[in-house]
Number of protein chains: 2
Amino acid sequence: MSDRKGARTQRSGGRAGNSRRAGSGPAIRQSPWAQPENTDRPTEPLTETGVAAIHDGAMRILEDIGIEFLNDEALEHLRRAGCTIEGQNVRMGRDWVMEMLSHAPASFTITPRNPDRTITIGGRSMAFVNVSSPPNVMDMDRGRRVGDFESFRDFMKLTQYFNCIHVAGGYPVEPVDIHASVRHLDCLFEKLTLTDKVCHAYSLGSERVEDVLEMARIASGLKAEEFFSRPRIYTNINSSSPLKHDWPMLDGAMRFARRGQPVVVTPFTLAGAMAPVTMAGAVTQSVAEALAAIALLQFLNPGTPCVMGTFTSNVDMKSGAPAFGTPEYIRATQMTGQMARFYGIPLRASNACAANVPDGQAMWESMNSMWAAVQSGVNLVYHAAGWLEGGLIASYEKFVMDCEVIQQFQRYFDPVLTDTSPGGIALDAIAEVGPNGHFFGCQHTQDRYETAFYSPFLSDWRNYEAWESAGAEWTPERANRTWKAILADYTPPPMDEAVREELAAFVARRKKEGGAPTDF
Amino acid sequence: MSDRKGARTQRSGGRAGNSRRAGSGPAIRQSPWAQPENTDRPTEPLTETGVAAIHDGAMRILEDIGIEFLNDEALEHLRRAGCTIEGQNVRMGRDWVMEMLSHAPASFTITPRNPDRTITIGGRSMAFVNVSSPPNVMDMDRGRRVGDFESFRDFMKLTQYFNCIHVAGGYPVEPVDIHASVRHLDCLFEKLTLTDKVCHAYSLGSERVEDVLEMARIASGLKAEEFFSRPRIYTNINSSSPLKHDWPMLDGAMRFARRGQPVVVTPFTLAGAMAPVTMAGAVTQSVAEALAAIALLQFLNPGTPCVMGTFTSNVDMKSGAPAFGTPEYIRATQMTGQMARFYGIPLRASNACAANVPDGQAMWESMNSMWAAVQSGVNLVYHAAGWLEGGLIASYEKFVMDCEVIQQFQRYFDPVLTDTSPGGIALDAIAEVGPNGHFFGCQHTQDRYETAFYSPFLSDWRNYEAWESAGAEWTPERANRTWKAILADYTPPPMDEAVREELAAFVARRKKEGGAPTDF
């Protein structure tokens with residue numbers, strides 16, 4: 001499970017040949033499927049003393065203040081583990097917490113229905129997840145509107161199409177035209193047929209969790225025993241900050257843990273609102289909330305793959321509105337990275353921004369979030385493509401713009417860029433060209449020019465005159481053309497017809513049974 | 001000269017009170033004047049072996065291949081120093097080069113006419129320079145057009161207004177409506193009266209250099225001896241890559257060095273065009289070109305403050321167009337940062353992008369360049385505000401957008417963000433609020449809310465509905481309003497009337513004499 005290299009796929013395509021359709025060229029020339037390996041030394045603003053202070057603070061929250069677990073089964077497990085329970089408040093000793101954390105793997109893989117899409121979470125690996133859970137969708141033609149099933153399907157296709165997106169996370173937009181009782185059935189059917197990447201189940205009720213686990217199993221074509229013999233799918237739970245884990249989140253997390261399936265625990269600790277106004281305080285609280293749930297899951301099934309999530313940012317103190325990609329957000333992410341390495345647990349963060357449209361602000365905020373992810377050793381980058389308005393909008397154009405940026409980060413980690421072998425230093429070429437020539441034609445260039453530099457699919461590098469005479473398109477307009485071409489170019493990944501029929505039959509049966517309750 | 005801390009000004013305003021005009025509020029609420037201290041550990045892609053390989057490569061270029069010095073006086077000095085001269089080709093031994101470099105200070109200050117605006121170049125200090133030298137100017141109302149004196153003045157006002165801009169570098173746009181023979185006179189008069197920040201002289205002919213040095217001296221109100229007793233102004237020279245230093249650049253650099261005034265040496269090594277297609281090769285050549293000039297200047301006047309510049313990026317191999325803010329650019333900057341620290345010389349880089357308009361691409365490229373500057377320990381960030389189209393456009397809106405970003409970097413380096421003292425960890429507040437409250441009202445928040453978080457002047461953090469009903473402005477539209485408000489709010493820094501008259505008289509006299517020759 002923690003053999004990172006073993007199961008890693010670096011082949012340049014696999015079944016990712018969706019970018020070609022017989023008889024027409026691909027919509028874009030994109031980078032091959034690969035998980036970047038983050039070779040940079042993390043940026044670490046905390047001294048050892050600082051790390052110890054946050055650790056001690058988190059432990060004192062767990063020991064002295066306690067976390068509320070609004071779930072009787074979880075309380076029963078924690079009582080059995082020797083924690084101090086008063087009502088729903090649970091206090092746990094640091095020795096026990098650290099013992100539980102010692103069971104959590106530092107790295108693990110998740111194998112989806114297409115094993116070529118297996119991903120590693122941990123170590124230096126980075127995996128990028130599509131935007132998840134906005135209620136609204138937006139594009140340059142139709143503006144902002146409430147999410148629907150059609151846009152859900154569009155984003156699933158974009159998620160599958162881009163090789164730089166490794167995970168089909170939560171719903172890229174909530175399809176509110178599908179009734180909540182059966183939404184998970186329709187959405188997962190589309191997700192499992194339109195993509196073959198690692199996918200996610202919401203922990204929003206036992207029936208939904210069980211339905212999604214069963215659908216993922218059917219899609220894999222495997223029997224239950226083999227399916228659950230390794231991580232195949234994951235869930236993400238959010239604490240209800242401050243200091244509280246709700247019933248459905250704990251229920252889903254425990255269902256996943258019992259089957260050895262990964263759980264990401266992501267407190268939503270906005271400094272000044274649900275957490276202290278000081279960033280180190282917000283991080284401390286976030287760490288305590290995450291560790292409380294992870295300790296429970298390790299007690300329940302030692303070795304359960306867990307990820308510590310961070311969503312610590314600040315609010316606008318004038319309006320209370322959340323802000324993302326801010327200086328405070330960057331430092332909080334870096335500090336949480338230091339803590340995740342201290343505990344030996346993989347880290348999740350996000351490509352977050354507060355901007356309402358895919359403009360300059362959106363990109364400077366997103367770039368701050370993306371660089372924070374790199375600098376913090378983040379393993380799982382949520383909302384990596386398509387997020388706007390603090391997560392309330394899934395944007396078609398932003399999705400494409402973010403994928404351009406993610407590809408650049410992939411290239412950034414290519415060791416050829418810092419090759420200092422004799423061929424890299426190129427003294428012979430420098431001597432050959434001399435003071436009066438140029439390097440376009442020399443053999444050293446000829447040998448390398450096709451792959452020497454990253455080639456963007458969205459950036460326009462032409463000079464102003466050429467750009468203007470070609471239509472003077474700003475980035476969102478180019479992105480608009482691009483996603484339309486991609487949707488036209490999209491072909492679904494292969495699926496055995498019998499498997500598809502079994503999946504459809506399951507959905508039909510569960511719909512007939514009424515789906516899942518909606519009154520939790 | 002290298003007492004970095006001594007002369008540093010961190011006061012929150014000084015004469016920077018230009019942001020207030022009697023009777024009306026300031027155009028924006030901006031951060032106080034201060035140079036950020038880069039507390040991050042640099043990102044270092046090269047191993048020690050890699051650093052040694054680039055160093056050895058650069059030394060072999062200097063020893064075996066040679067650099068052309070197209071300047072007889074420079075050749076004479078280098079001959080006297082024992083270098084091997086053949087025609088204009090100069091080869092220099094590594095021991096001599098390293099001995100010369102040992103004289104160059106690792107850090108120094110530049111004191112402009114307003115001593116409150118003194119800056120430190122070196123160590124962990126960062127200084128940000130306005131956009132320099134584009135032939136064109138652009139704004140959202142008038143589109144792109146050729147630069148003129150009016151826009152030159154506008155950018156000088158923006159340069160003075162923003163506390164986060166520390167240096168009035170080259171002409172922010174070329175005022176082509178002023179004849180080249182007197183352009184330096186008119187431009188420096190405006191620069192020295194509209195701003196009181198560190199300024200720059202182009203090394204484009206002896207007469208221009210001497211005129212500008214004299215004008216800077218007059219503006220300072222000091223006698224020559226005191227004026228030249230410390231660094232007051234600087235020049236930036238570019239090698240004519242590959243492997244060549246031109247006459248006027250060397251002439252200007254030597255005039256500055258003789259007076260102990262700082263020289264920035266910035267090769268323009270586009271990989272695949274004027275330098276090897278491999279990034280380490282392009283960096284090696286850039287380092288050799290820079291060191292050749294710096295060694296000359298140290299021989300001429302040991303201790304001359306010098307800065308190693310990097311402008312190593314890649315081209316689009318399809319069109320040959322230069323690209324900036326690319327993965328290759330980032331790694332080249334980081335590698336050059338390692339080399340600058342190896343040689344103990346301050347580093348200059350740029351906030352560069354290839355985009356033609358102030359949109360998403362502009363900001364993702366700029367953010368890559370800015371983060372590269374931070375990660376590489378860059379001391380002097382050229383073109384920090386206003387650059388578009390690979391340096392061919394000075395953009396009013398981009399200037400404002402970049403200043404928003406620079407302020408965020410300043411805030412990023414505020415140590416309060418990672419304070420892990422008991423007040424930072426905030427355990428008492430967490431205990432007080434408990435699992436059912438929020439932190440808006442607690443005393444810990446009340447004590448800090450006014451300064452806890454960075455407050456942007458340009459980002460719009462409102463939700464979509466509020467943003468839409470307020471006019472649905474995209475970032476460039478807000479930036480457009482902002483620069484107009486700033487120009488309306490601008491007041492010039494104080495200058496003694498006698499000094500202004502002396503400056504005007506000098507300009508009038510030199511114009512009468514015909515200015516400077518234009519046929520060099």
Side-chain angles (χ1 to χ4, degrees), chain A residues 40 43 45 50 53 57 65 68 243-244 272-273 276-281 284-285 314 316-317 321 323 327-328 331 354 356-357 359-361 363-364 367 371 389 401 405 408 411-412 417-420 424-427 429-431 435 438-439 445 448-449 452-454 459 461 464 467 474-475, chain B residues 40 43 45 50 53 57 65 68 242-244 272-273 276-281 284-285 314 316-317 321 323 327-328 331 354 356-357 359-361 363-364 367 371 389 401 405 408 411-412 417-418 420 424-427 429-431 435 438-439 445 448-449 452-454 459 461 464 467 474-475:
Chain A
D40 285 0
T43 299
I65 300 173
E68 296 206 349
L243 307 179
K244 203 185 297 181
V277 76
T278 45
M279 300 317 292
T284 301
Q285 182 186 311
N314 57 301
D316 178 353
M317 288 309 281
E328 291 79 9
R331 287 299 191 198
N356 290 305
V357 281
D359 64 354
Q361 178 189 333
M363 292 320 291
W364 79 58
M367 293 304 283
W371 277 112
E389 202 202 352
M401 292 161 69
V405 165
Q408 293 186 27
R411 168 67 178 179
Y412 168 76
L417 293 190
T418 54
D419 169 27
T420 54
I425 301 288
L427 269 192
I430 293 169
H438 62 73
F439 290 77
T445 302
R448 292 167 176 81
Y449 80 97
F453 306 135
Y454 169 72
S459 306
W461 287 350
Y464 190 91
W467 169 82
W474 287 47
T475 302
Chain B
D40 284 0
T43 299
I65 301 173
E68 296 207 349
L243 306 178
K244 203 184 297 179
V277 76
T278 45
M279 300 317 291
T284 301
Q285 182 186 310
N314 57 300
D316 179 350
M317 288 308 281
E328 290 79 10
R331 287 299 192 197
N356 291 305
V357 281
D359 63 354
Q361 179 190 333
M363 293 320 292
W364 79 58
M367 292 304 284
W371 276 112
E389 201 200 353
M401 291 160 70
V405 165
Q408 293 185 28
R411 169 66 177 179
Y412 168 76
L417 293 191
T418 53
T420 54
I425 300 288
L427 268 191
I430 292 169
H438 61 75
F439 289 78
T445 303
R448 293 167 176 82
Y449 82 95
F453 306 135
Y454 170 73
S459 306
W461 286 350
Y464 190 91
W467 169 83
W474 287 47
T475 302

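Each chain gets a letter, A, B and so on, in the order the sequences are listed, and its residues count up from 1.
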Heavy-atom proximity to chain B below 4.5 Å, by part of [X]:
X         : answer
Thr418(A) : both
Leu417(A) : both
Trp461(A) : both
Thr43(A)  : side chain
Glu328(A) : both

Counting heavy-atom pairs closer than 4.5 Å to chain B, which one of [options] comes out on top?
options                                    : answer
Ala452(A), Gly272(A), Ala321(A), Gly57(A)  : Gly272(A)
Glu68(A), Gln361(A), Met367(A)             : Gln361(A)
Ala280(A), Ala273(A), Gly50(A)             : Ala273(A)
Val405(A), Asp316(A), Thr284(A), Val357(A) : Val357(A)
His438(A), Met279(A), Arg411(A)            : Arg411(A)
Ala354(A), Pro276(A), Gly281(A)            : Pro276(A)

- Below 4.5 Å from any heavy atom of chain A, which atoms of Ile425(B) appear? Answer side chain, backbone, both or neither.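 Both the backbone and the side chain of Ile425(B) come within 4.5 Å of chain A.
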Quick check for you: among [options], which has the greatest number of heavy-atom pairs under 4.5 Å with chain A?
options                                    : answer
Met317(B), Met401(B), Gln285(B)            : Met317(B)
Arg331(B), Glu389(B), Arg448(B)            : Arg331(B)
Asn356(B), Thr420(B), Thr278(B), Leu243(B) : Asn356(B)
Pro242(B), Ala426(B), Ala323(B)            : Pro242(B)

- Could you tell me which non-hydrogen atom of Ser459(A) sits nearest to which non-hydrogen atom of Gln408(A), and how far apart they are? OG-NE2, 3.9 Å
- Please check if any side-chain donor atom of Asp40(A) sits under 3.5 Å from a side-chain acceptor atom of Tyr412(A), or the reverse. yes
- Message: Counting neighbours of OH on Tyr449(B) that are heavy atoms of other residues, nucleotides or ligands and sit closer than 6.0 Å, is the number greater than 12?
- Response: no
- Query: Between Asp359(B) and Thr475(A), is there a donor-acceptor pair closer than 3.5 Å when you use the side chain of the first and the backbone of the second?
  - Reply: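 Side chain of Asp359(B) to backbone of Thr475(A), a donor-acceptor pair under 3.5 Å: yes, one is there.
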- Task: Take the angle between the ring planes of Trp371(B) and Trp371(A) and call it parallel below 30°, perpendicular above 60°, tilted in between.
- Result: tilted
